[in-house]
Amino acid sequence: MNILDKIIVDKKREVILKKSIIPVSQLEASVFFEKKTISLSNNLRNSTSGIIAEHKRRSPSKAEINYSFTVEEVTKGYENAGACGISVLTDGKYFGGSLDDLLLARATVNIPLLRKEFIVDEYQILEAKAHGADLILLIAAVLTREEIKSLSEFAKSLGLEVLLEVHNQEELEKSIMPTLDMIGVNNRNLKTFEVSLDFSKQLAAQIPDEFVKISESGISSIEAINELKPYGYKGFLIGENFMKTDNPGKAATEFISQL
């Protein structure tokens, strides 16, 4: 059993427990159900930098990245830096995040927020909406085509945008459908955790132009972004590179101004 399989087993259990205690009606009563979402895909299409900055305290491959800052400090810093959007990890066990992080980010910034989570159930999409997210992530490696279809349709019905993450040709082919807005190529192999920009380069031509192309993971330099832009990538998700510094907002500001 690889790390991704473990996460999904835990996640399915977690959802069952949450459903047993917080009814859907309570999530739907959130003020955010009335709020119009902010489009990340539009922001990326019109941006010169395309940076999506991530709030991430730790990860399975790095025990601790950064516990020193509040969500408000990090997300405000990212917004001031000129990020197109912010990705907020909400998984607790493996990434040290929570839905409260998403809520605090929403109270702090006025740019698109991605709920970065291992989504296996519509309930998690309701949670995302109820806590102020503008878009959700679906990971092709852990979902069937039917699940991607039903979950993306459900997200769209709530006014949320959908970022689908793929890692290889097979995942991409099974996933392409009109209910997606953005397709992200994860440069990290989620089974081995090895990182290479070649994943983004190899898949670029297979992604239809109606989807905004995003490259995720392992992007730590201006050179990497300049290398990927000719392949049609408009968005670049950067987490660890900013979070591992003494001041993530300042690191993002310097990075974006160099771009």
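Bear in mind the structure is a predicted one, so any value in this text is a computation, not a measurement.
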With a 3.5 Å distance limit and no angle check, can you tell me whether [X] reaches the backbone of [Y] through a side-chain donor-acceptor pair?
X	Y	answer
S47	L44	no
T108	E72	no
N66	K244	no
E79	N110	yes

Q: Before accepting this row, confirm whether a basic side-chain N of the pair K56/D91 lies closer than 4.0 Å to the acidic partner's carboxylate O.
A: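 Result for this pair is no, no salt bridge flagged.
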**Q.** Of all pairs that satisfy salt bridge (charged side-chain N to carboxylate O under 4.0 Å, His left out), the ones with a partner from residues 94-104, not counting sequence neighbours
**A.**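 Salt bridge (charged side-chain N to carboxylate O under 4.0 Å, His left out) check on residues 94-104 returns R57-D101.
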(Q) Test: salt bridge (charged side-chain N to carboxylate O under 4.0 Å, His left out). Region: residues 212-236. Which pairs qualify, not counting sequence neighbours? (A)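 Applying salt bridge (charged side-chain N to carboxylate O under 4.0 Å, His left out) to every pair that reaches into residues 212-236, excluding sequence neighbours, yields K201-E227.
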Please tabulate, for the side chains in residues 204-211, all donor-acceptor contacts under 3.5 angstrom to protein atoms that are two or more places apart in sequence or on a different chain.
none

Can you name the residues that form a side chain to side chain donor-acceptor pair (under 3.5 Å) with [X], not counting sequence neighbours?
X	result
Q202	none
K35	none
E117	K11, T90, R115
K156	D181

Neighbour count above 12 (heavy atom, 6.0 Å) for [X] [atom1]:
X	atom1	result
D246	CG	no
I21	CD1	no
K174	NZ	yes

For the student: nearest non-hydrogen atoms of [X] and [Y], plus distance:
X	Y	value
E171	A141	OE2-CB, 3.3 Å
S59	I65	N-CD1, 4.1 Å
A140	V166	CB-CG1, 4.0 Å
A53	A83	CB-CB, 4.3 Å
L40	E161	N-OE1, 2.9 Å
G82	S49	O-OG, 4.3 Å

If you define the side chain from C-beta out and look only at heavy atoms, does anything of [X] sit under 4.5 Å from [Y]?
X	Y	value
T179	V162	no
L126	E122	no
L135	L160	no
I219	I225	yes
M243	V74	yes
S152	L164	no

Is it true that [X] and [Y] fall in one hydrophobic cluster, defined by side-chain heavy atoms closer than 4.5 Å?
X	Y	value
I139	I3	yes
L203	V195	no
I136	L158	yes
L113	I38	no
V120	I16	no

Q: Under the side-chain contact (heavy atoms from CB on, under 4.5 Å) rule, collect the residues that match up with Q26, sequence neighbours excluded.
A: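 Result, side-chain contact (heavy atoms from CB on, under 4.5 Å) vs Q26: I22, P23.
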If you measure from [atom1] on [X] to [atom2] on [Y], what distance do you get to the nearest 0.5 Å?
X	Y	atom1	atom2	result
I119	E165	CD1	CD	11.5 Å
N168	N186	CG	CG	11.0 Å
N241	S220	CG	OG	5.0 Å
S157	I125	OG	CD1	8.5 Å
I238	F255	CD1	CZ	4.0 Å
I214	I52	CD1	CD1	4.0 Å

**Q.** Stepwise salt bridge (Lys or Arg N to Asp or Glu O under 4.0 Å) check, K93 with E14
**A.** CA-CA 10 Å; K93 181 174 175 183; E14 188 184 296; over 6 Å; no
Q. Which pairs with one or both residues in residues 53-89 pass ring-ring contact (aromatic ring centres under 6.0 Å, His included), sequence neighbours excluded?
A.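 Qualifying pairs, neighbours excluded: Y78-F242.
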Q) Can you pull the ring-ring contact (aromatic ring centres under 6.0 Å, His included) pairs that have at least one residue in residues 89-115, sequence neighbours excluded? A)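 Every ring-ring contact (aromatic ring centres under 6.0 Å, His included) pair that includes a residue of residues 89-115, provided the two are not neighbours, is F95-F118.
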Q: Among Ile, Leu, Val, Met, Phe, Trp and Tyr joined by side-chain contacts under 4.5 Å, find the other residues sharing a cluster with V71 and list them by chain and number.
A: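 Under the 4.5 Å side-chain rule, V71 groups with L104.
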Q: With side-chain contact (heavy atoms from CB on, under 4.5 Å) as the test, would you mind laying out the steps for S200 and Y231 before giving the verdict?
A: CA-CA 8 Å; S200 281; Y231 289 86; over 6 Å; no
Q) So V88 and R106, side-chain contact (heavy atoms from CB on, under 4.5 Å) or not? Walk me through it. A) CA-CA 10 Å; V88 180; R106 180 74 295 154; over 6 Å; no
Q) Excluding sequence neighbours, so at least two apart, what forms ring pair (Phe, Tyr, Trp, His ring centres under 6.0 Å) with F32? A)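 Ring pair (Phe, Tyr, Trp, His ring centres under 6.0 Å) list for F32, sorted by chain: empty.
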Q: Using the side-chain contact (heavy atoms from CB on, under 4.5 Å) rule, take K18 and L27 through it: C-alpha gap first, then chi angles, then the decisive distance, then the call.
A: CA-CA 11 Å; K18 283 181 158 184; L27 294 174; over 6 Å; no
Q: Check whether the side chains of N247 and T245 place a donor and an acceptor atom closer than 3.5 Å, and report yes or no.
A: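 Judged by distance alone, the side chains do not pair up.
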Q.
Whether the S217 and N187 side chains hold a donor-acceptor pair (N or O, under 3.5 Å, no angle test) is what I'd like checked.
A.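 Looking only at side-chain atoms, N187 and S217 do not form any donor-acceptor pair under 3.5 Å.
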Q. How far apart are the C-alpha atoms of R145 and K149, what are their side-chain angles, what is the distance that settles it, and do they pass the side-chain contact (heavy atoms from CB on, under 4.5 Å) test?
A. CA-CA 6 Å; R145 181 173 172 83; K149 185 174 186 292; 5.6 Å; no
